[in-house]
J.: 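Quick one: structure below, then a few questions.
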Amino acid sequence: SDLSSGINAEWPLRPGEKRGKRQVLIRPSSKVIVKFLTVMMKHGYIDEFEVVDDHRAGKIVVMLNGRLNKCGVISPRFDVCVSDIEKWTTNLLPSRQFGKLVLTTSSGIMDHEEARRKHTGGKILGFFY
């Protein structure tokens with residue numbers, strides 16, 4: 001999927017962070033990636049990002065702040081019901097205090113804690129910590 005290639009292939013976050021690189025480029029841009037980044041930004045894992053329309057597929061410039069260790073995409077997008085959220089967080093995140101799962105739900109794309117508060121499951125897009 002575009003998010004997979006965007007985040008896993010086109011977005012070498014760990015190497016970028018390690019070298020002290022302050023920004024990374026993701027292409028092509030997509031609505032899903034923008035939403036994913038918005039969740040990351042809301043929780044302070046990245047500083048900001050800018051969508052650049054280059055008259056092709058578009059690209060996104062992401063400003064890093066050193067807080068992000070890893071992010072990844074889950075493919076295929078498994079269905080996750082509210083009661084399964086705990087199991088997924090245990091499997092994907094290093095600890096309860098760190099990181100978020102990103103779900104696409106009937107109420108939009110959100111992190112797992114918001115989904116739990118809204119008592120809504122959905123499909124898992126990925127995670128970051």
Side-chain angles (χ1 to χ4, degrees):
S1 75
D2 53 339
L3 186 67
S4 250
S5 58
I7 287 194
N8 288 348
E10 293 290 335
W11 195 5
L13 275 170
R14 291 192 82 152
E17 291 273 57
K18 288 266 190 312
R19 286 196 307 272
K21 209 160 118 181
R22 299 299 298 167
Q23 59 182 57
V24 286
L25 194 63
I26 304 175
R27 56 159 63 93
S29 161
S30 82
K31 286 191 182 77
V32 174
I33 294 176
V34 167
K35 288 271 179 20
F36 201 106
L37 290 169
T38 304
V39 174
M40 292 172 86
M41 192 167 81
K42 187 175 120 188
H43 293 292
Y45 280 79
I46 59 174
D47 275 350
E48 57 185 355
F49 63 90
E50 183 186 358
V51 180
V52 181
D53 179 8
D54 58 6
H55 301 295
R56 289 194 298 279
K59 57 190 179 190
I60 307 173
V61 180
V62 183
M63 302 303 291
L64 303 174
N65 58 15
R67 269 198 68 196
L68 190 67
N69 296 299
K70 186 166 198 227
C71 76
V73 168
I74 306 300
S75 186
R77 296 176 179 179
F78 294 102
D79 285 309
V80 179
C81 52
V82 182
S83 56
D84 287 344
I85 290 177
E86 187 67 28
K87 187 179 73 189
W88 280 91
T89 54
T90 308
N91 289 338
L92 291 170
L93 303 176
S95 85
R96 282 173 175 238
Q97 288 83 18
F98 289 106
K100 302 280 182 250
L101 302 185
V102 182
L103 304 173
T104 175
T105 73
S106 53
S107 312
I109 291 176
M110 60 187 70
D111 67 73
H112 70 278
E113 286 168 358
E114 189 180 340
R116 203 184 272 147
R117 278 196 306 275
K118 292 183 170 163
H119 303 289
T120 180
K123 290 188 184 305
I124 186 159
L125 288 176
F127 63 93
F128 60 86
Y129 57 81

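Note that the structure is predicted; figures quoted are calculated from it, not measured.
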J.: For Leu37 and Ile26, what are the C-alpha separation, side-chain angles and deciding distance, and is it a side chain to side chain contact (heavy atoms under 4.5 Å, CB included)?
T.: CA-CA 11 Å; Leu37 290 169; Ile26 304 175; 4.3 Å; yes

J.: List the atom of Ser29, the atom of Val34, and the distance in Å for their closest heavy-atom pair.
T.: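 Closest heavy-atom pair between Ser29 and Val34: OG-CG2, 4.4 Å.
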
J.: Please name the pair of heavy atoms, one in His112 and one in Leu103, separated by the smallest distance, quoted to 0.1 Å.
T.: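 That would be CA-CD1, 4.3 Å.
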
J.: With distance as the sole test, does Asn65 use its side chain to make a donor-acceptor pair with the main-chain N or O of Gly44 at under 3.5 Å?
T.: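 Confirmed, Asn65 side chain pairs with Gly44 backbone.
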
J.: Which is it for Thr104 and Val32 under the side chain to side chain contact (heavy atoms under 4.5 Å, CB included) test, yes or no, and what are the steps along the way?
T.: CA-CA 9 Å; Thr104 175; Val32 174; over 6 Å; no

J.: Would you say that Asn91 contacts Lys87 through its side chain, given a criterion of any heavy-atom pair below 4.5 Å between the two side chains?
T.: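 Result yes, sub-4.5 Å side-chain heavy-atom pair found.
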
J.: So, using side-chain contact (heavy atoms from CB on, under 4.5 Å) as the criterion, who are the partners of Val61 when residues are at least two apart?
T.: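 Partners of Val61 under the side-chain contact (heavy atoms from CB on, under 4.5 Å) test: Gln23, Leu25, Val52.
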
J.: Which word best sums up how the rings of Phe128 and His43 line up, parallel for under 30°, tilted for 30 to 60°, or perpendicular for over 60°?
T.: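 Phe128 and His43: tilted rings.
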
J.: Starting at SG of Cys71, measure out to CZ of Phe36 and round the result to the nearest 0.5 Å.
T.: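 If I round to the nearest 0.5 Å, the distance is 5.5 Å.
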
J.: Please name the pair of heavy atoms, one in Tyr129 and one in Leu68, separated by the smallest distance, quoted to 0.1 Å.
T.: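 The answer is O-CD1, 3.6 Å.
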
J.: To the nearest 0.5 Å, what is the distance between CZ (Phe127) and OG1 (Thr89)?
T.: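 Phe127 atom CZ to Thr89 atom OG1 measures 12.5 Å (nearest 0.5 Å).
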
J.: Do NZ/NE/NH1/NH2 and the carboxylate oxygens of Glu114 and Lys100 come within less than 4.0 Å?
T.: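 No, no charged N to carboxylate O under 4.0 Å.
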
J.: Going by heavy atoms in the side chains, are Leu101 and Leu93 under 4.5 Å from each other?
T.: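 Yes, close enough: below the 4.5 Å cut-off.
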
J.: Do Lys118 and Glu113 make a side-chain contact, defined as non-hydrogen atoms from C-beta onward lying under 4.5 Å apart?
T.: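 No, side chains not in contact.
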
J.: If you define the side chain from C-beta out and look only at heavy atoms, does anything of Glu50 sit under 4.5 Å from Val62?
T.: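 Answer no - side chains too far apart.
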
J.: Considering residues at least two apart in sequence or located in another chain, which fulfil the side-chain contact (heavy atoms from CB on, under 4.5 Å) criterion with Pro76?
T.: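 Once residues adjacent in sequence are excluded, the partners of Pro76 under the side-chain contact (heavy atoms from CB on, under 4.5 Å) criterion are Phe78.
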
J.: For Arg56, give me all partners under side-chain contact (heavy atoms from CB on, under 4.5 Å), at least two apart in sequence or on another chain.
T.: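 In terms of side-chain contact (heavy atoms from CB on, under 4.5 Å), with neighbours along the sequence ignored, Arg56 is linked to Asp54.
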
J.: Would you compute the distance between atom OG1 of Thr105 and atom CG of Leu125 and round it to the nearest 0.5 angstrom?
T.: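 One finds 9.5 Å between OG1 of Thr105 and CG of Leu125.
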
J.: Can you name the closest pair of heavy atoms from Met63 and Ile46 and give their distance?
T.: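 So the two residues come closest at O-CB, 3.7 Å.
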
J.: Please report the closest heavy-atom contact between Thr120 and Ile85, naming both atoms and the distance.
T.: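 For Thr120 versus Ile85, the nearest heavy atoms are O-CD1, 4.3 Å.
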
J.: Once side chain to side chain donor-acceptor pair (under 3.5 Å) is applied, do any residues pair with Ser106, and if so which ones, sequence neighbours excluded?
T.: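 Side chain to side chain donor-acceptor pair (under 3.5 Å) list for Ser106, sorted by chain: empty.
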
J.: Rounded at 0.5 Å granularity, tell me how far CD1 in Ile60 sits from OG in Ser30.
T.: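 Rounded to the nearest 0.5 Å, the CD1-OG separation comes out at 6.5 Å.
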
J.: Would a distance-only check, ignoring hydrogens and angles, find a side-chain to backbone donor-acceptor pair under 3.5 Å from Arg22 to Leu64?
T.: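 Yes, the answer is positive, given that a donor and an acceptor are paired below the 3.5 Å cut-off.
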
J.: Under 4.5 Å between side-chain heavy atoms, hopping through other hydrophobics if needed: is there a path connecting Val82 to Met110?
T.: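 Val82 does not cluster with Met110.
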
J.: How long is the gap from CG on Asp111 to NZ on Lys42, to the nearest 0.5 Å?
T.: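 So the CG of Asp111 and the NZ of Lys42 are separated by 5.0 Å.
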
J.: Atom CZ in Arg27, atom NZ in Lys59: separation rounded to 0.5 Å?
T.: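 The NZ atom of Lys59 is 5.0 Å from CZ of Arg27, to the nearest 0.5 Å.
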
J.: Name all residues meeting the side-chain contact (heavy atoms from CB on, under 4.5 Å) criterion together with Thr90; count only those two or more places apart in sequence or in a different chain, and write none if there are none.
T.: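 Once residues adjacent in sequence are excluded, the partners of Thr90 under the side-chain contact (heavy atoms from CB on, under 4.5 Å) criterion are Glu86.
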
J.: With sequence neighbours excluded, what pairs up with Asp84 under the side chain to side chain donor-acceptor pair (under 3.5 Å) test?
T.: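 Testing Asp84 for side chain to side chain donor-acceptor pair (under 3.5 Å), a comparison that skips the adjacent residues, returns none.
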
